[in-house]
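Written out below as C-alpha cells is the structure these notes cover.
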Amino acid sequence: MAALSKSIPHNCYEIGHTWHPSCRVSFLQVTWGALEESLKIYAPLYLIAAILRKRKLDYYLYKLLPEILQSASFLTANGALYITFFCTLRKILGKFYSWTPGFGAALPASYVAILIERKSRRGLLTIYMANLVLLFCITAAMYMFFFRCKDGLKGFTFSALRFIVGKEEIPTHSYSPEAAYAKVEQKREKHEEKPRRMNMISLVKKLVNLICKHGPRHRCCKHYEDNCISYCIKGFIRMFSVGYLIQCCLRIPSAFRHLFTKPSRLLSLFYNKENFQLGAFLGSFVSIYKGTSCFLRWIRNLDDELHAIIAGFLAGISMMFYKSTTISMYLASKLVETMYFKGIEAGKVPYFPHADTIIYSISTAICFQAAVMEVQTLRPSYWKFLLRLTKGRFAVMNRKALDVFGTGASKHFQGFVPRLDPRYTVVKPELPIEFS
C-alpha cells in the first residue's frame, strides 16, 4: 500500500499529459477523442435498444438523438473532467501524492459527469467486479422470480424480460386457459379459410404448425399454440437470431472502416465467433428457462412463482457461452437497486438521497486509481475501454515516476519513458528524483 504522505514534485505535464505541455490543449484533445468514441458506443446501442423496444416514429425523430447526445456527454465529461481535476489538484497542492493522480482526480470528475446522465440509467453504472457465472445465475434467478411476481418488476426491465422470455411466462392473465385455447382454435380456423399462395414461407409455416399441434403440453402451461418441446425450440431460435443480429450491428462501424483497405474483413461481420456466442447465450438462456419451467409444471402439476427461481438459476449457466463481466455486473447492480427500492416501499430500508450517484463516483474513482497506480490489478476489458476512450493517452502517463509509491505503477510499462520538453519540466528526466 502506498504511503499517503509521500509526494513527488513533478508537474501535471511530467506525469499526466506527457504528449503536450499545455493543460488546455491536452484537455481539448482528450475531450474530442472521448466524444468521438462515446458517440460510436452509444449511437448503435440506443438504436438497437429502440428497435428491440419497438419505438414509434416520434421517438426516432425527437428523442433518440437527444438521448444519445446526453449519454455521450456523460462519458465524455468523465474523461474531460478527469484531466481537468488532475491538473487542478497539482496546481492547488503543488505536488503529487499517491491518491491525487487516480482517486483524487476521478472522484469529483465522475460525480459531476454522472449528474449529466439520465437518472433512470444512473443505477446501472455503479458496481464492476464479482464472480461471473455464479453471480449471473443468482441474478437471473432473482430477476425471473420478480418477473413472475405481481408488480415485481416495472418499466424497461419488465418489458425487456417479456421480450426475451415471452409473455406466456407471465402468470397473470385476464382470461382462463380454456377460453384462451378456444380463441386460438378460432383464430386458426379463420386463418385456414383464407386462400394462400403455396410458397416456401407458407410451407415452412405449415411444417411448424404441424409440429406445434402434436406433442405434450401441460394444462398449466400458457403457450397454447405450441407444445412444450416446440415452445423451447422456437424460443431458442428466436433469441439466437436476435443475439446474432445485435452483435452484427455492433461490428458494422469497425467493419466498414476497412471497406476499401481490406474488403475481405467484411466477411467477419457475419462469420465472427462473437456473433454466435451472443446468440448461443441468449438462445440457451430462454430455452433453458422455458424448458425448466415446463418441466416443473409437469412434475408438480401447478404453475408456481417459485419455479422462476430454479429456472432462472439454471438458465444463468448460459453465461458460459458469452462470459461478459459487463452484462453480469450491469444486471446485478440493477437487481440491487430494484431490491433496495422495494425495501424502501415496504418501509424496511431507509432512503439515502443520491446513493446511486455516490456509489458510482466512488467505484469509478477506485478504478481510475488502479488504472494509474496498479494497472495490473484492473480487469483487461476495463483497461481497454479506458485506452479506447482516451485514444491510447492513458498508457503514456509517466508511471516510472510513480513507482516510488510502492504500487508497481510501471510494471506493465517497462522501458517506456515519455519524451518531455525540458523547458516545461520541474524535474529533469535524467536527474535522480527527490521525494519529500
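As the structure is a computational prediction, the values presented were derived from the model and not from experiment. Numbering of residues begins at 1 and proceeds along the displayed sequence.
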Tyr289 and Phe147 aromatic centres sub-6.0 Å: no
Compute the ring centroids of Tyr60 and Tyr46, then answer whether they are less than 6.0 Å apart. no
Inter-residue atom distance [X].[atom1] - [Y].[atom2], 0.5 Å rounding:
X      : Y      : atom1 : atom2 : result
Cys87  : Phe27  : SG    : CZ    : 10.0 Å
Gln29  : Thr31  : CD    : OG1   : 10.0 Å
Thr390 : Ile83  : OG1   : CD1   : 9.5 Å
His412 : Glu374 : NE2   : CD    : 11.0 Å
Leu35  : Leu75  : CG    : CG    : 10.0 Å
Thr100 : Ile92  : OG1   : CD1   : 11.0 Å

What residues form a ring pair (Phe, Tyr, Trp, His ring centres under 6.0 Å) with Phe145, not counting sequence neighbours? none
Salt bridge (Lys or Arg N to Asp or Glu O under 4.0 Å) pairs, two or more places apart, involving residues 28-38: Glu36-Lys40, Glu36-Lys391, Glu37-Lys40, Glu37-Arg388, Glu37-Lys391
According to the salt bridge (Lys or Arg N to Asp or Glu O under 4.0 Å) rule, which pairs have a member within residues 287-302, sequence neighbours left out? Glu169-Arg297, Arg297-Asp303, Arg300-Asp304
In sequence, state the C-alpha distance, the side-chain angles, and the governing distance for Leu402 and Thr407, and then conclude on side-chain contact (heavy atoms from CB on, under 4.5 Å). CA-CA 8 Å; Leu402 300 175; Thr407 61; 5.9 Å; no
Any non-hydrogen side-chain atom of [X] less than 4.5 Å from a side-chain atom of [Y]?
X     : Y      : value
His10 : Val426 : no
Pro21 : Asp421 : no
Ser22 : His17  : no

Mind checking whether [X] and [Y] have parallel, tilted or perpendicular rings, split at 30° and 60°?
X      : Y     : answer
Trp99  : Tyr97 : parallel
Phe86  : Phe96 : tilted
Tyr424 : Tyr13 : perpendicular

Intermediate values then yes/no, side-chain contact (heavy atoms from CB on, under 4.5 Å), Glu14 and Ile8: CA-CA 11 Å; Glu14 293 172 89; Ile8 54 177; over 6 Å; no
Of all residues at least two apart in sequence or in a different chain, which pass the side chain to side chain donor-acceptor pair (under 3.5 Å) check with [X]?
X      : answer
Asn398 : none
Ser410 : Asp403
Gln376 : none

Residue pair Cys137, Ile317: steps toward the side-chain contact (heavy atoms from CB on, under 4.5 Å) verdict: CA-CA 6 Å; Cys137 288; Ile317 300 173; 4.2 Å; yes
Is NZ or CZ of Arg238 both nearer than 6.0 Å to the six-membered ring centre of Phe163 and within 45° of the ring axis? yes
Would you say the side-chain atoms of Thr364 pair up with the backbone N or O of Ser361, donor to acceptor, closer than 3.5 Å? no
Ion pair Lys56/Asp58, N-O distance below 4.0 Å: no
Flag if over 12 foreign heavy atoms under 6.0 Å of CZ, Phe295: no
Within a reach of under 6.0 Å around CG of Leu314, are more than 12 heavy atoms found that belong to other residues, nucleotides or ligands? yes
Single hit among Tyr322, Phe321, Tyr244 for ring pair (Phe, Tyr, Trp, His ring centres under 6.0 Å) with Phe276: Tyr244
Heavy atoms only: give me the nearest Phe285-Val165 pair and the separation to one decimal. CE2-CG1, 4.4 Å
Evaluate ring pair (Phe, Tyr, Trp, His ring centres under 6.0 Å) for Phe368 paired with Phe394, printing each intermediate quantity in order. CA-CA 10 Å; Phe368 269 68; Phe394 222 121; 5.8 Å; yes
For Val375 and Phe413, what are the C-alpha separation, side-chain angles and deciding distance, and is it a side-chain contact (heavy atoms from CB on, under 4.5 Å)? CA-CA 10 Å; Val375 72; Phe413 303 90; 3.5 Å; yes
